[in-house]
S.K.: 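Let me begin by handing over the structure; questions about it come next.
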Amino acid sequence: MLYFDIMNRVYFDHAATTPVDKRVLEAMLPYFSDSFGNPSSVLIEEGGPPRQALDEARKKVANLIGARSEEVLFTSSATESNNLAIKGLALAHKSKGNKILFSEIEHYSIMLQADSLRGLGFEVDFVKVDTDGLIDMADLKKKVTKGTILASIMQANMEIGTVQPIKEIGRFLKEQGVLFHSDGAGTCGQIPVNVQELGVDAMTISGHQFYGPKGAAGLYLRSGVPMRPILHGGFQEMGYRAGTENVPAIVGFGEASRLAQVEMEEKVARVARLGQKLWAGIASITYLHFTGHPTQRLPGHVSFWIEFVEGESLLLWLNLNGIAASTGSACASNVLAADETGLKASHVLTAVGVPPEICHGSITFSLGRENTEEEVDYALSVMPTIVDRLREMSPLYEKAKGGK
Amino acid sequence: MLYFDIMNRVYFDHAATTPVDKRVLEAMLPYFSDSFGNPSSVLIEEGGPPRQALDEARKKVANLIGARSEEVLFTSSATESNNLAIKGLALAHKSKGNKILFSEIEHYSIMLQADSLRGLGFEVDFVKVDTDGLIDMADLKKKVTKGTILASIMQANMEIGTVQPIKEIGRFLKEQGVLFHSDGAGTCGQIPVNVQELGVDAMTISGHQFYGPKGAAGLYLRSGVPMRPILHGGFQEMGYRAGTENVPAIVGFGEASRLAQVEMEEKVARVARLGQKLWAGIASITYLHFTGHPTQRLPGHVSFWIEFVEGESLLLWLNLNGIAASTGSACASNVLAADETGLKASHVLTAVGVPPEICHGSITFSLGRENTEEEVDYALSVMPTIVDRLREMSPLYEKAKGGK
Amino acid sequence: MAQGPYSDKVMDHFMHPRNMGEIEDASGVGEVGNPACGDVMRLYLKIEDGKIVDAKFKTFGCGAAIASSSMTTELIKGKSIDEALKLSNEAVSEALGGLPPAKQHCSVLAEDALRAALEDYKKKQGTA
Amino acid sequence: MAQGPYSDKVMDHFMHPRNMGEIEDASGVGEVGNPACGDVMRLYLKIEDGKIVDAKFKTFGCGAAIASSSMTTELIKGKSIDEALKLSNEAVSEALGGLPPAKQHCSVLAEDALRAALEDYKKKQGTA
Ligand SMILES: Cc1ncc(COP(=O)(O)O)c(C=O)c1O
Ligand SMILES: Cc1ncc(COP(=O)(O)O)c(C=O)c1O
């Protein structure tokens with residue numbers, strides 16, 4: 001019995017993006033048509049309010065992560081922050097060595113830089129994770145060698161939810177004199193993050209995952225760490241990132257950061273509770289395997305795969321029943337790719353040892369502050385029906401059942 | 001008699017940026033908190049409206065410049081478009097040669113790529129302009145040599161207003177088999193532009209100079225021309241530009257393009273008329289030199305420098321009298337630079353032969369559609385007083401007057 | 001629905017697959033694909049007097065795979081073997097109102113399943 | 001106003017320069033800078049009994065240059081030559097509530113102009 005007449009959507013895909021908070025939009029509005037000036041127009045009055053707004057926003061983002069204002073750069077997206085951090089730090093420290101480490105489960109915006117880095121004369125190696133998605137510290141220690149200048153290890157993977165022990169990793173890398181960038185797109189604004197405590201040299205911050213607007217993101221860069229720009233031009237962002245600033249989006253990013261900080265505790269508690277309920281309920285589905293670490297994970301993040309159930313079909317049926325989720329990395333869906341080479345098994349699932357021949361797509365439910373207990377109940381009521389239906393269609397399930 | 005109590009600002013700095021048109025903002029609003037989905041979330045309903053909105057916007061921008069939809073890529077700024085075009089085309093065509101040509105008067109977002117291109121193994125040479133700012137065709141012909149793969153010549157320089165004969169340049173470059181990128185940040189949406197007629201392979205389009213929002217810009221890339229991305233990651237923008245799309249800004253950019261196209265003729269006529277009036281009135285100031293071409297120039301663009309009058313001081317006084325203008329390239333003001341190395345004479349003025357020892361900063365008035373004849377009259381009434389005052393303070397003027 | 005990657009036809013066949021199931025005494029069965037590449041299709045044919053009188057399928061796979069299987073059964077029912085052999089993946093894809101480029105291989109898989117089932121039928125005939 | 005690159009003090013001295021003009025029978029005149037680098041400052045001093053009794057300036061330059069000139073004249077009026085010689089560019093900049101990094105050289109220019117004018121005075125004294 002499937003439901004096709006869904007009025008209210010159940011949005012369990014906050015890892016992909018979130019709606020802009022109305023208070024955030026309110027803060028942005030004056031900067032479109034009224035205080036519209038170019039912040040670089042420092043000699044005329046029009047440049048004043050937008051420039052002050054950038055300063056304010058920088059303070060708010062810095063506060064969220066325990067940094068100083070001068071240590072926060074604005075970019076257009078987490079992808080750009082990741083590209084700036086990796087290429088910019090690598091190029092600025094090339095004289096010290098040419099080896100770069102990524103974890104195996106980085107987002108595409110780190111992973112797919114490897115080729116371009118090799119073209120620039122760098123070597124890229126990948127650090128393993130265990131079956132819970134946690135960095136294999138022994139492998140990290142083995143792979144940091146003489147010429148290693150930079151390591152990029154994400155704080156949380158949005159496909160499997162695992163949160164890394166960044167502090168421990170940071171301590172080790174510091175001892176070794178290796179620069180440490182961490183992609184915090186999945187964590188900053190969502191769980192408490194303090195860059196000082198974590199010991200990172202650079203960290204990517206994404207606004208649109210915590211009710212800020214698309215089009216603005218941040219890069220924390222510890223004071224005194226040299227970095228090259230990748231977009232050349234004007235003297236914006238202390239010379240690290242040229243181009244007229246997207247003032248309204250940056251203002252929104254700042255305000256979202258302020259709100260996230262103020263409301264963090266309550267929100268985390270709430271979505272964690274809902275997430276636990278969802279987790280417990282889903283656990284009763286047979287042949288279901290949770291992915292990621294059972295406890296060291298993002299609050300409200302429930303990810304799994306089900307034998308004999310193909311991920312896309314499950315996602316489509318959830319969608320038809322009013323539930324928005326994602327399969328694989330939310331930002332990397334590639335059904336619309338130019339050809340089928342984009343349709344490989346998720347590198348993240350492979351890295352945590354999920355057998356590609358029985359898993360076809362994980363499902364990620366990422367909850368947000370507006371979700372309710374009723375929505376969780378509803379999802380739990382719908383899941384078994386869909387799973388049964390898809391299994392009924394599957395020649396594989398029948399074999400498993402039939403014992404053949 | 002200077003006026004310090006200005007209620008209404010006279011904004012003559014449209015080359016720096018423009019306010020977002022209210023109709024444009026209206027079009028953007030649904031995409032912040034309502035149709036907020038990630039366009040890459042193709043399998044869920046939330047991804048539909050934003051993805052359709054991107055398609056629509058792409059069509060509108062393509063229409064504005066006579067391109068096909070698939071030939072328009074979205075970026076975060078004209079600066080990014082310029083960086084993507086130059087680095088992306090250069091890298092994709094490296095096997096054919098390593099020589100790149102820029103005009104001497106390109107914006108910093110082209111100019112300052114030179115070092116990074118040299119680091120990648122390219123040679124960069126610069127094509128001269130004449131005293132009106134027009135490309136020296138003989139010099140261009142001389143400098144296109146065997147290994148030349150790419151030339152970037154802007155359509156209009158925002159500091160001096162000169163509009164280049166792009167069609168003629170394009171025809172020549174095509175004959176020579178040299179790829180042609182043109183920075184159209186100063187022209188697209190402001191004067192009629194047709195990429196087919198112009199014969200460019202790539203063209204930068206900036207939205208915030210024609211009443212679109214900051215945070216979205218475009219790059220026209222002719223079908224079939226290979227280009228490498230510079231931001232690696234997800235599969236957005238046909239693989240040319242990774243990162244979650246800034247949907248509201250792109251929607252606004254599209255709507256601004258549509259409006260610009262519909263209202264182009266009327267707006268151009270109007271600002272051209274006001275510009276001519278301003279030009280004629282200002283011409284009566286002694287020791288004043290107009291910059292750029294007298295007729296082949298942007299409508300409503302009046303640029304000049306005045307002997308014995310320092311540009312920044314003039315700009316500050318204009319500002320105190322309620323008039324917003326710019327000195328040098330509007331987007332490249334550098335009073336806030338980290339040190340004084342940023343305070344060199346404008347490379348554009350030097351290129352058109354303005355003697356740095358008597359010119360200290362040009363002033364650019366760039367008019368927009370909301371400017372009125374009264375505002376022009378007001379500016380004309382204020383200018384002589386300010387100029388007199390600054391000259392009175394200048395030890396140089398006194399010498400000139402005194403004949404010493 | 002056509003906002004998504006799939007045409008309305010694909011979604012219709014995905015939501016309401018035609019001829020899903022098995023044929024107990026099938027004249028020919030074809031199974032293609034392998035789970036490692038994401039889709040497995042099994043096609044059952046009932047053939048009488050050289051004519052496909054019934055067709056059913058079971059498919060593990062994405063929306064396009066399910067819709068392609070469903071559409072294939074529809075297209076071949078009532079056809080002669082020779083006619084069925086002429087069915088191309090393009091015809092399946094076209095009948096579905098098109099498939100995204102990355103999903104064209106699903107229609108190829110359907111064509112393969114059909115050929116395998118007919119192959120199986122011929123083999124059974126030969127050895128019968 | 002302090003929204004711009006300049007402090008309120010700088011803007012005040014820019015808008016209302018103190019001691020702008022010339023001294024006909026100056027005891028010492030110093031001119032520094034050259035137009036090629038953007039600023040030219042000329043400082044006139046009237047010195048009586050080793051004390052600066054009047055100071056005036058003419059400056060071609062940016063806001064910071066004009067304000068630095070103006071502030072310098074204010075700071076040295078009434079001072080002895082020895083005291084005036086101790087005036088540093090930092091003191092000028094500080095009295096102006098700070099200058100942007102890229103504009104610090106304007107206060108250096110003001111210090112230079114002062115030294116040049118005092119030099120000129122001494123030379124005139126020597127040859128008088
Ligand atoms: C961990 C991580 N980093 C970076 C990104 C890229 O974010 P954006 O597409 O906003 O640039 C994503 C997207 O999901 C992500 O999951
Ligand atoms: C010709 C030209 N191209 C590019 C740019 C860069 O624009 P943005 O700062 O919006 O990236 C400018 C800025 O004024 C410009 O004048």
Side-chain angles (χ1 to χ4, degrees), chain A residues 9 11 13 16-20 22 25 32-33 36-38 40-46 76-77 79-80 82-83 107-109 112-113 116 208 213-215 230-235 239 242-249 312 315-316 319 324 326-327 330-338 342, chain B residues 9 11 13 16-20 22 25 32-33 36-38 40-46 76-77 79-80 82-83 107-109 112-113 116 208 213-215 230-235 239 242-249 312 315-316 319 324 326-327 330-338 342:
Chain A
R9 297 283 296 174
Y11 190 70
D13 197 17
T17 194
T18 53
V20 174
K22 294 283 178 194
L25 181 57
F32 289 104
S33 310
F36 68 90
N38 191 319
S40 293
S41 300
V42 292
L43 297 170
I44 57 174
E45 227 168 282
E46 282 75 5
S76 67
S77 66
T79 294
E80 190 189 333
N82 280 345
N83 277 264
H107 182 255
Y108 286 120
S109 52
L112 296 187
Q113 292 188 65
S116 139
H208 75 88
K214 298 171 182 66
I230 55 172
L231 297 181
H232 300 91
F235 304 98
T244 296
E245 300 88 342
N246 184 352
V247 180
E312 183 192 299
L315 198 74
L316 286 170
N319 179 56
S326 61
T327 176
C331 308
S333 195
N334 39 21
V335 187
L336 293 180
Chain B
R9 297 281 298 174
Y11 190 71
D13 196 17
T17 194
T18 53
V20 174
K22 295 282 179 195
L25 181 56
F32 289 104
S33 311
F36 69 90
N38 192 321
S40 293
S41 301
V42 292
L43 296 171
I44 57 174
E45 224 169 287
E46 281 75 4
S76 68
S77 65
T79 294
E80 189 188 332
N82 281 344
N83 276 263
H107 182 256
Y108 286 120
S109 52
L112 296 187
Q113 293 189 63
S116 139
H208 75 90
K214 297 170 182 67
I230 55 173
L231 297 181
H232 300 91
F235 304 98
T244 296
E245 301 89 341
N246 184 352
V247 180
E312 183 191 301
L315 198 73
L316 286 170
N319 179 56
S326 62
T327 176
C331 307
S333 195
N334 40 20
V335 187
L336 293 180

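Residue numbers begin at 1 in each chain, while the letters A, B, ... track the order of the sequences.
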S.K.: If I take atom CD1 from residue B:I230 and atom OG from residue A:S116, how far apart are they, to the nearest 0.5 angstrom?
M.R.: 10.0 Å
S.K.: Supply the atom-to-atom distance B:L43 CG to A:T327 OG1, rounded to the nearest 0.5 angstrom.
M.R.: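 Output value for this atom pair is 7.5 Å.
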S.K.: Rounded to the nearest 0.5 Å, how far does CD of B:E46 lie from CG of A:N319?
M.R.: 7.0 Å
S.K.: Can you give me the closest heavy-atom contact between B:T17 and A:N38, atom names plus distance?
M.R.: CG2-N, 3.4 Å
S.K.: Taking all heavy atoms of A:P19 and all of B:S33, pick out the closest pair and write down the distance.
M.R.: CB-O, 3.7 Å
S.K.: Working to the nearest 0.5 Å, report the span between CG of B:L231 and OG of A:S76.
M.R.: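 B:L231 CG to A:S76 OG: 6.5 Å, rounded to 0.5 Å.
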S.K.: Main chain of B:F36, side chain of A:K214: is a donor-acceptor contact present, judged purely on distance under 3.5 Å?
M.R.: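 Between the backbone of B:F36 and the side chain of A:K214 there is a qualifying donor-acceptor contact (under 3.5 Å).
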S.K.: Any side-chain heavy atom of A:H208 within less than 4.5 Å of one from B:T244?
M.R.: yes
S.K.: Answer with side chain, backbone, both or neither: which region of B:L25 has an atom nearer than 4.5 Å to a non-hydrogen atom of chain A?
M.R.: side chain
S.K.: Identify the heavy atoms of B:N246 and A:G215 that sit nearest to each other, and give their distance.
M.R.: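 Here B:N246 and A:G215 meet closest at ND2-CA, 3.3 Å.
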S.K.: Closest heavy-atom contact between A:G233 and B:L112?
M.R.: O-CD1, 3.1 Å
S.K.: Heavy-atom distances under 4.5 Å only: say whether B:N83 touches chain A with side chain, backbone, both or neither.
M.R.: side chain
S.K.: Considering residues at least two apart in sequence or located in another chain, which fulfil the ring pair (Phe, Tyr, Trp, His ring centres under 6.0 Å) criterion with B:F32?
M.R.: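 B:F32 satisfies ring pair (Phe, Tyr, Trp, His ring centres under 6.0 Å) with no residue once adjacent residues are dropped.
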S.K.: Looking at residues at least two apart in the chain, or sitting in another chain, which of them share a side chain to side chain contact (heavy atoms under 4.5 Å, CB included) with B:S77?
M.R.: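 Side chain to side chain contact (heavy atoms under 4.5 Å, CB included) list for B:S77, sorted by chain: B:T79, B:E80.
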